[in-house]
Student: 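One structure, pasted below without further comment.
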Amino acid sequence: MKTRISRVAFLALTAAAASVQAQQTSSVQLFGLLDIGAQYLKADGVGKRWLVNSDGNTSSRVGVRGTEDLGGGLKVGFWLESAVAVDDGTSGATSSNNKDSVSGGLTWGRRATVQVSGDWGELRLGRDYVPSFGNLTTTMHPFGTNGVGSSGLMYYPVAANGTTARTNVRASNSIGYFLPAGLGGVYAHLMLALGEQGDGPTHKDGELTGIRIGWRNEAFNVSAATSKTRYATGDYTQSNVGAAWQIGPVKLMGLWGQNKVGVTRTTARMIGGQWQVGVQDEIRFAYTTLDAKNVASDATHLALGWVHDLSKRTALYANVARIDNKAAGVRFNVGIAPTQPGGNSSGVEAGVRHSF
């Protein structure tokens, strides 16, 4: 009887130990962020518009991710992430071949990857951010890619010569490599993405190559990046250089970005920063100038924002911005485009952001 009890106890302890070990070596997490607010837009020749809009501060998303520790420093993980427009519950458009738009979006259009990592770095496969997008987020731009103050002048290519680029943010069918940490602050991201076209003159369409390399410490961060996507109608190249310098409560930022589509080109330059006021508040500001060649026209963008943290997961925000098109331009805007040549577009927004 004692022997039987001892065996039962041993099996129970073994199962418990296996369960603990499994919990220690693998994990799966459901995560997300919801951002929604009210927005007032105005453009010359168009008038005014009131909107309930998503993503004024940060892109809304929902996802699931996990990792498994295989031992010896080797880990395998996955990441599935979908966009969510909180105002109407839809997902954003995307592209499965880096060429054609897919309306309604893929289920996991923001990111869908499997990655293997170790002391040698990380190898990542699937749909992911292109290297040249890394400098356009709040790492190097005060507003990142969201709201009326966003870095849109930096990363939106103007369609030209029959080319509509789909790889200014992400690429599908990609193979990416990231340098490991612990290299004296040096970091890098390399990517090859396939367009998966058939034989013919467009067989290279959607094929992307890109690289980002930088250096950072506790106070300073600088990096340069470029990505090129091939199209028979004219290649698309996105390049940028960014720097951020933390001086006490103020982070100063500078960013240069260029988008080339065939023989057309837009070049933007931004100076801005984030000022931490006390524990809960942050002031954001940015001024951008854009020069255009063989497409659209020059423009300027001025933005001011405020973020108030209610907790680690919840914040209130407000932004105001104005874009002025030069000469006869009407292309650039904060939400609705002007129809009056050389017109301006302005916007005010306020909202709430909550993560889980």
Student: Give a yes or no on this: more than 12 heavy atoms of other residues, nucleotides or ligands lie within 6.0 Å of atom NZ of K326.
Tutor: yes

Student: When rounded to the nearest 0.5 angstrom, what is the spacing between OG in S151 and NE2 in H141?
Tutor: 5.0 Å

Student: Less than 4.5 Å apart, any side-chain heavy atom of K228 and any of D235?
Tutor: yes

Student: Shared ILVMFWY cluster between L304 and V250, side chains joined below 4.5 angstrom?
Tutor: yes

Student: Please determine, by modelled atom types, if Q258 and T267 share a side-chain donor-acceptor pair under 3.5 angstrom.
Tutor: yes

Student: Determine, using the 4.5 Å side-chain heavy-atom cutoff (strictly less than), whether I336 and F332 are members of one ILVMFWY cluster.
Tutor: yes

Student: Do F178 and W120 have their ring centres less than 6.0 Å from each other?
Tutor: no

Student: Nearest 0.5 angstrom please: W275 CH2 to I247 CD1, how far?
Tutor: 14.0 Å

Student: Supply the atom-to-atom distance L70 CG to S117 OG, rounded to the nearest 0.5 angstrom.
Tutor: 9.0 Å

Student: Roughly how far, to the nearest 0.5 Å, is the NE2 atom of H301 from the OG atom of S150?
Tutor: 6.5 Å

Student: Is there a side chain to side chain contact (heavy atoms under 4.5 Å, CB included) between R127 and R111? Walk through the geometry before answering.
Tutor: CA-CA 5 Å; R127 178 170 174 80; R111 179 174 166 181; over 6 Å; no

Student: Working note: W306 + D281, criterion side chain to side chain contact (heavy atoms under 4.5 Å, CB included); need CA distance, chi angles, decisive distance, verdict.
Tutor: CA-CA 7 Å; W306 165 76; D281 295 283; 2.9 Å; yes

Student: So do the side chains of L33 and H354 get within less than 4.5 Å of each other, counting heavy atoms only?
Tutor: no

Student: With a 4.5 Å cut-off on side-chain heavy-atom distances among I, L, V, M, F, W and Y, is there a chain of contacts connecting W256 to M140?
Tutor: no

Student: Kindly indicate whether a cation-pi arrangement holds for R313 with F356, taking the cut-offs as under 6.0 Å to the six-membered ring centre and within 45° of the axis.
Tutor: no

Student: Would you mind checking if D291 and K293 are paired as a salt bridge, meaning a charged N to carboxylate O distance below 4.0 Å?
Tutor: no

Student: Please indicate whether D88 has more than 12 foreign heavy atoms, meaning atoms of other residues, nucleotides or ligands, lying under 6.0 Å from its CG.
Tutor: yes

Student: Quick one about Y129 and R110 (side-chain donor to acceptor, distance below 3.5 Å, no hydrogens or angles considered), yes or no?
Tutor: yes

Student: Are R65 and F31 in a cation-pi contact, defined as NZ or CZ under 6.0 Å from the six-membered ring centre and within 45° of the axis?
Tutor: yes

Student: Is the number of heavy atoms from other residues, nucleotides or ligands under 6.0 Å of W245 CH2 greater than 12?
Tutor: no

Student: For the hydrophobic clusters of this structure (ILVMFWY residues joined by side-chain heavy atoms under 4.5 Å, transitively), does one cluster hold both L51 and I323?
Tutor: yes

Student: Given the rule that I, L, V, M, F, W and Y join up when any side-chain heavy atoms are under 4.5 Å apart, are V334 and V46 in one cluster?
Tutor: yes

Student: Will you find, in the side chains of R212 and N135, an N or O donor that is under 3.5 Å from an N or O acceptor?
Tutor: yes

Student: What verdict does the side chain to side chain contact (heavy atoms under 4.5 Å, CB included) test give for K260 and T266, after you've listed the backbone C-alpha separation in whole Å, the side-chain angles of each residue and the deciding distance to 0.1 Å?
Tutor: CA-CA 7 Å; K260 291 182 179 179; T266 57; over 6 Å; no

Student: Could you check if a side-chain atom of N325 sits within less than 4.5 angstrom of a side-chain atom of P338, using non-hydrogen atoms only?
Tutor: yes

Student: Do T67 and V76 come within less than 4.5 Å of each other through their side chains, counting heavy atoms only?
Tutor: no

Student: Any side-chain heavy atom of T145 sitting closer than 4.5 Å to one from T138?
Tutor: no

Student: How many angstroms lie between atom CE of M253 and atom CZ of F143, to the nearest 0.5 angstrom?
Tutor: 10.0 Å

Student: Does a donor on one side chain and an acceptor on the other come within less than 3.5 Å for Q238 and S132?
Tutor: yes

Student: Tell me if the CD atom of Q29 is crowded by more than 12 foreign heavy atoms within 6.0 Å.
Tutor: yes

Student: Would you kindly say whether N146 and Y317 are connected by a side-chain donor-acceptor distance under 3.5 Å?
Tutor: no

Student: Would you tell me whether D87 and S54 have side-chain atoms, one donor and one acceptor, within less than 3.5 Å of each other?
Tutor: no

Student: Determine, stepwise, if the pair R353 / T314 fulfils side chain to side chain contact (heavy atoms under 4.5 Å, CB included).
Tutor: CA-CA 6 Å; R353 181 198 73 216; T314 305; over 6 Å; no

Student: Please determine whether a side-chain nitrogen of the Lys or Arg among D128 and R170 lies less than 4.0 Å from a carboxylate oxygen of the Asp or Glu.
Tutor: no

Student: Just so I know, are the side chains of D44 and T339 near enough to count as touching, which here means a heavy-atom distance under 4.5 Å?
Tutor: no

Student: Is any side-chain heavy atom of V84 less than 4.5 Å from a side-chain heavy atom of R61?
Tutor: no

Student: For the residue pair T300 and T289, confirm or rule out a side-chain donor-acceptor distance under 3.5 Å.
Tutor: no

Student: So, E349 versus N319: side-chain donor-acceptor pair below 3.5 Å or not?
Tutor: yes

